[in-house]
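Per chain, numbering begins at 1; letters A, B, ... match sequence-line order. What you are looking at is a predicted structure, and each value in this text was computed from that prediction instead of being measured.
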There are 2 protein chains.
Amino acid sequence: MSQRQIPEASVARLPLYLRALIDRAEAGVESMSSGELAAAAGVNSAKIRKDLSYLGSYGTRGVGYDVEYLIAQISRELGLTQDWSTVLVGAGNLGQALANYGGFADRGFRIAAILDADPAKVGMTVAGVEVFHQDQAERIIREEDVAIAILAVPGDAAQEVADRLVEAGVTSILNFAPAVIQVPEGVSLRKVDLSIELQILAYYEQRRLVSDDLANGAVRRHLDGLPD
Amino acid sequence: MSQRQIPEASVARLPLYLRALIDRAEAGVESMSSGELAAAAGVNSAKIRKDLSYLGSYGTRGVGYDVEYLIAQISRELGLTQDWSTVLVGAGNLGQALANYGGFADRGFRIAAILDADPAKVGMTVAGVEVFHQDQAERIIREEDVAIAILAVPGDAAQEVADRLVEAGVTSILNFAPAVIQVPEGVSLRKVDLSIELQILAYYEQRRLVSDDLANGAVRRHLDGLPD
DNA sequence: CCGTGTGAAATTATTCACAGCC
DNA sequence: GGCTGTGAATAATTTCACACGG
């Protein structure tokens, strides 16, 4: 199988495999089995094989996968053989941290400009990138051929900013703002919500506490010789 | 239905509903239908009703859900009626941005301490929280009864730091480090990976470009009177 | 032999559609 | 009449298990 429409869940894992592969390649590893890759990526091996089968038959039976070759195939599939221009919108705390985060540039995502609504921030340089006023969005997106925007604005500004970005030609948005935003059909949207992740953890944390209590209760009953 | 084991996918959406509800409550809204809540949270209404049904029957047929009451129920379910102490590990760019991010404290997640391996950072105060040396982890986690750790260290340090945190008693980790980490059974782990999200977007962005090309090709063939 | 690639089975998640109640 | 709550239907995802090829 070599032709298309990779399941979304599978696409979302490919970058993980890619990172594991690059990591092992740098350590000099030339070949990996699905089991080794699974361990490095934190998933199980059946999933690895199934996911990779959507890309094609790039493994060798009885042997495994050639690391460099697989890196090339996944990179191509993910569209990482080209560089992408992005704009980062929002030069506050989070925006600045994102600008300083090296992981974007490493993977071919160039921040062409940082945009902010606050005139006081305009002209600053963050991680070597100039901050422009949001009014310049249309021009910069056009001139720099920006397809992807990273949104790090306050929640209540997010929808409005997203609308303008889409209007200006952006077709993918990575939203860090703590707000639900709507985008038109045909525009991709992913969100990263810092506090939501913590809240999910709190749920499981609480369950752990509750079941500990129950277990303690059970132990106590047992020690007391009472029926369960 | 009121008794337990809410599907994971559903748990992951509850914080989203909660935020939408709080937002509307602040705007003075007292009641919402599943359709209204769906619009505010960016999902469909069947999902809302199904998800909420796992918590219990808290709506009123023909009317909708009482906003305040539902906020209370979801908060209780998620374990947000209590405050949680956390430690933030890593006082670099990202760590500082996270410390400055108000969204944690707002939702009852108190950062008890920031930990860093770099002695030069020890003693600093970030967002009103003191930075301690990582050697203090065990003491702080014990004294402050910390169950949740936020990991914002370099990728190559992540596993080692996670091991120490678990050893010290942490039972939930939110990992921002760009690395796969393993935790023992019984410890919760969620990860937020900034560059992986961009890579996922790149995949769909590329497909858009490719299909545009194909469409242009089709148009060209059509205009040229050639067969498809 | 060993590990991939993949149908088939099992599980999980989403959506439908409507009875039931306010 | 309108909206919830929920079984039943559908879709997506994960896992199993093994034939196949190097």
Side-chain angles (χ1 to χ4, degrees), chain A residues 1-17 20-21 24 29-71 73-74 77 190 200 203-204, chain B residues 1-17 20-21 24 29-74 77 200 203-204:
Chain A
M1 175 180 310
S2 183
Q3 277 335 99
R4 286 311 112 50
Q5 201 56 293
I6 303 177
E8 190 173 323
S10 192
V11 170
R13 282 186 296 264
L14 292 178
L16 205 62
Y17 303 162
L21 286 163
R24 305 317 291 139
V29 174
E30 294 185 356
S31 174
M32 291 179 85
S33 68
S34 61
E36 291 166 330
L37 184 49
V43 303
N44 71 44
S45 64
K47 207 178 270 178
I48 296 269
R49 291 199 302 280
K50 181 64 94 178
D51 286 343
L52 294 182
S53 79
Y54 295 123
L55 311 187
S57 293
Y58 297 140
T60 306
R61 293 173 193 233
V63 179
Y65 301 90
D66 181 90
V67 172
E68 285 298 343
Y69 186 64
L70 195 51
I71 288 172
Q73 295 306 324
I74 295 178
E77 194 68 34
R190 294 191 66 90
I200 296 168
Y203 171 79
Y204 293 104
Chain B
M1 175 181 308
S2 184
Q3 276 335 100
R4 283 314 110 52
Q5 202 56 298
I6 302 177
E8 191 173 322
S10 192
V11 170
R13 284 187 295 265
L14 292 177
L16 205 63
Y17 304 162
L21 287 162
R24 305 317 292 140
V29 174
E30 294 184 356
S31 174
M32 292 178 86
S33 68
S34 61
E36 291 167 329
L37 184 48
V43 302
N44 72 44
S45 64
K47 207 178 271 179
I48 295 269
R49 290 199 302 280
K50 181 65 91 177
D51 286 345
L52 294 182
S53 78
Y54 295 122
L55 310 187
S57 293
Y58 297 139
T60 307
R61 292 170 195 236
V63 180
Y65 301 89
D66 181 89
V67 172
E68 287 297 345
Y69 186 64
L70 195 50
I71 288 173
Q73 295 307 323
I74 295 178
E77 195 68 35
I200 296 168
Y203 172 80
Y204 292 104

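What separates NZ of A:Lys47 from C1' of C:dT12 is a distance of 12 Å, to the nearest Å. B:Asp51 has its CG atom 12 Å from the C1' atom of C:dT15, to the nearest Å. The OH atom of A:Tyr65 sits 8 Å away from the C1' atom of C:dG3 (whole-angstrom rounding). Atom P of nucleotide D:dT13 and atom CG of A:Asn44 are separated by 15 Å, given to the nearest angstrom. Counting to the nearest Å, the P atom of C:dT12 and the CD atom of B:Gln5 are 10 Å from each other. The separation between A:Leu55 atom CG and C:dT6 atom C1' is 15 Å, rounded to whole Å. Rounded to whole Å, atom C1' of D:dG2 lies 12 Å from atom CD of B:Glu36. Rounding to whole angstrom units, OH of residue A:Tyr54 and C1' of C:dG5 are separated by 11 Å.
For B:Tyr69 and B:Tyr58, the ring centers sit closer than 6.0 Å to each other.
Considering only the side chain of A:Arg13, D:dT14 comes nearest among D:dT14, C:dT14, D:dG5.
Partner A:Tyr17 forms a side-chain contact (heavy atoms from CB on, under 4.5 Å) with one of A:Ile74, A:Leu70, A:Ile71 and no other, that one being A:Ile74.
Using a 3.5 Å distance cut-off with no hydrogens or angles, the side chains of B:Ser10 and B:Asp51 do pair a donor with an acceptor.
Each of B:Val63 and A:Ser34 has a nearest nucleotide on DNA chain C; the 5'-most of these lies closest to A:Ser34. When each of A:Lys50 and A:Gly62 is assigned the nucleotide of DNA chain C bearing its nearest heavy atom, the one mapping closer to the 5' terminus is A:Gly62. Across the interface with DNA chain D, nearest-nucleotide mapping of A:Arg49 and B:Thr60 shows B:Thr60 to be the residue nearer the 5′ end.
Between A:Leu21 and A:Tyr65, the closest side-chain pair of non-hydrogen atoms is not below 4.5 Å.
Under 3.5 Å, the side chain of A:Arg61 and the base of D:dC20 form at least one donor-acceptor pair of N or O atoms.
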